[in-house]
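Notes to accompany the following structure.
We name chains A, B, ... by the order of the sequence lines, and we start the count at 1 in each one.
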Protein chains: 2
Amino acid sequence: MSESNQGTGLQLRSLVKTSGELELSLAKVPIPKPAADEILVRFEATPINPSDLGLLLGPADLSTAEVAGAGEDAVVTAKVPPQLMRVVAGRLDQSLPVGNEGAGVVVEAGSEAQGLVGKTVAILGGAMYAQYRTVKAADALVLHDDATPKDGASCFVNPLTALGMVETMRREGHTALAHTAAASNLGQMLVKICLQDGVELVNIVRSAAQAELLRGLGAKYICDSSGPGFTEDLIAALTATGATIAFDAIGGGKLAGQLLTGMEVAANQRSGGAYSRYGSTTFKQVYIYGGLDTGPTELNRAFGMQWGLGGWLLTNFILKIGPAEATKLRQRVADELKTTFASHYTAEISLVEALQPAVMAAYNRKTTGEKYLINPNKG
Amino acid sequence: MSESNQGTGLQLRSLVKTSGELELSLAKVPIPKPAADEILVRFEATPINPSDLGLLLGPADLSTAEVAGAGEDAVVTAKVPPQLMRVVAGRLDQSLPVGNEGAGVVVEAGSEAQGLVGKTVAILGGAMYAQYRTVKAADALVLHDDATPKDGASCFVNPLTALGMVETMRREGHTALAHTAAASNLGQMLVKICLQDGVELVNIVRSAAQAELLRGLGAKYICDSSGPGFTEDLIAALTATGATIAFDAIGGGKLAGQLLTGMEVAANQRSGGAYSRYGSTTFKQVYIYGGLDTGPTELNRAFGMQWGLGGWLLTNFILKIGPAEATKLRQRVADELKTTFASHYTAEISLVEALQPAVMAAYNRKTTGEKYLINPNKG
């Protein structure tokens, strides 16, 4: 890969300074000419996932955001509370590109990848909040001809996470699963996957409207944690399905523990076994894969001794299953892009808009079902 | 096994009534004659482990204890707080025998086990707080001739748990470990095992006196959580040893999370790796095997995504490794009974004394390093 005279493109950068400030800006970076096995992609659709926000905004307090300059030269700064600076110790004073995934059109290709010119492709990897990127052709997921960049923007993180949950369930010997923040884009995909695959799924949502949305997709077990009968509903659904693994996007608070307790009560009801003060012999697992609530996780441990709680990260899962299995999952995403894996966006914004404090506050709300899409080439 | 005319023996019983009361009493149970493959053991030493107290006392409030009757006919009652009755739902109105392990002398044997008469044996299983029990000869661990029942009373729970920790560390791919409440009888055994086996161990204790005790045994890494420099000491010890698995006897509070955070900081220091907001790639595990603090476990999740927390129970571990491996571990215990696996007791009490409220309060304190021994045949 060599730098060409093709000019420069905008790339969003996030910087946390030792002085305690987050700084977002748009760098003008050279557009490299693709090597023989590379392609140059003009990105038109890059989603802001919850998993992007940690790197993009860090622990900055957005209520302190200030803007200097305008347009492509705007620089936003916001204060990082001193007690949270420890969290970002590893990234201080480094101007970091952002954006886990995105899709665009191949505008130029090396000699070995000429067949891809004009194709719409999706890419996973950092630095996607940029107008152009040169990447290995082998890393591109080529979309079907009727798919737009917007269709393919969220090809990886949510679809592979949802597929990874069902695959993890199978590999670890469980037969049904539970999911929190279940009305999210990811949760909707999971509902469709489970219906297709005949896997029973307990959906935990936080409002009646979210329950209604999932019911419309055909979800069978929906428990609304804002309702008065939540605990009983949850136990009934866990007992009916036998779900002994859950994936939790919330992280903080008591929900992970409530899931383990509910599974334990369900296990005892299903087995009708004798009393043991060590609890049931059924192994129960909760994986925390998100942190919508960044507060502490609180477990009352009223679920015996056969339990596990842990972190779940897509990249680790992909490493664990290996490239052949990962390719199968990716192909399923491409094949079902407009059905199972269709994403919905609240708004499409430009790179310049992504640095406006009011817009930042909006995409940082992490409201279930809301998702913002950056079009780096939007004028 | 048939009931003989050999009379009866005392057996401690624990009963939680639907009315909300715990009731402890001494039942007079027939002494069964051993079948061909069985032995009759006169128990002389049965320890009160933390793992026995849950069944023995349940969640009763001992400050409400009252005694009716006297001597062998005494019945102690204590109130169970209404909000905790749910915890004991599975055992209501059942008079349950208690006592996980113990040792005694074989006083009679079936035709196939005559060689055991007069031997001192240790047994694992329930109902050990009893004067006599008839058990399968194959279940007895025959102690060396110079061992007393008191030497062998705690042959199983603590020794096998300590050995199980080191074995779990190896099987799950870790090379060093950490342990909390490390000055306990179990913790002292673990120190000796690790010194023998050349495994680095981080000991977390709660007082300077406990630190001194372990230093006397040759422990190298000791972190006192009551000291001002605890966090730094812990990180330094975890960094020096590379311990990425910990066994926690406390359960409640922040310690499990502090261990995960400390391991994460240590992993980053050892690798000097690039920043990732998903944390290090080092997998960190904490197993909770006790509940000295029955309060909630609180995790701040400042330790990336590569972590696991779970319950660890000796019986599950033994099932997992299988009978051949378990026999090896048991034999090591018998061989090193007076050295590595020596236990120390605060007091030796009779079954009648075990039902006296002042004594109950003492053995229920769960002070690290204090352990009570019941001698069911003490006059």
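For A:Glu264, the salt bridge (Lys or Arg N to Asp or Glu O under 4.0 Å) criterion is met by A:Lys284, not counting sequence neighbours.
Proximity to chain B at a heavy-atom threshold of 4.5 Å picks out A:Gly291, A:Asp293, A:Thr294, A:Gly295, A:Pro296, A:Thr297, A:Glu298 from residues 291-298 of chain A, in numerical order. Along residues 247-255 of chain A, the residues that come nearer than 4.5 angstrom to chain B, judged on non-hydrogen atoms, are A:Ile250, A:Gly251, A:Gly252 in order of number.
Considering only heavy atoms from C-beta on, A:Met128 stays 4.5 Å or farther from A:Asn100 through its side chain.
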Q: Might you work through the side chain to side chain donor-acceptor pair (under 3.5 Å) test for A:Asp93 and A:Thr18, ending with a clear yes or no?
A: CA-CA 6 Å; A:Asp93 301 318; A:Thr18 305; 2.3 Å; yes
Q.
Between A:Tyr287 and A:His179, is the ring-ring contact (aromatic ring centres under 6.0 Å, His included) condition met? List the steps.
A. CA-CA 10 Å; A:Tyr287 283 116; A:His179 185 223; over 10 Å; no
Q: Please lay out, stage by stage, how A:Glu101 and A:Asn49 fare under the test side chain to side chain donor-acceptor pair (under 3.5 Å).
A: CA-CA 9 Å; A:Glu101 64 181 337; A:Asn49 290 311; 2.8 Å; yes
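Heavy-atom distances place no part of A:Leu260 under 4.5 Å from chain B, backbone and side chain included.
For the pair A:Arg91 (side chain) and A:Leu55 (backbone), a donor-acceptor distance under 3.5 Å is present. Checking side-chain atoms of A:Gln94 against main-chain N and O of A:Gly90 turns up a donor-acceptor pair under 3.5 Å.
For the residue pair B:Ser95 / B:Arg13, a side-chain donor-acceptor distance below 3.5 Å is found, with atom types taken as modelled.
The CD1 atom of A:Ile204 sits 6.5 Å away from atom OG1 of A:Thr180, with the distance rounded to the nearest 0.5 Å.
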Side-chain donor-acceptor pairs of residues 309-317 of chain A under 3.5 Å, sequence neighbours excluded:
{"residue": "A:Trp312", "atom": "NE1", "partner": "A:Thr168", "partner atom": "OG1", "Å": "3.2"}
{"residue": "A:Asn316", "atom": "ND2", "partner": "B:Gln306", "partner atom": "OE1", "Å": "3.2"}

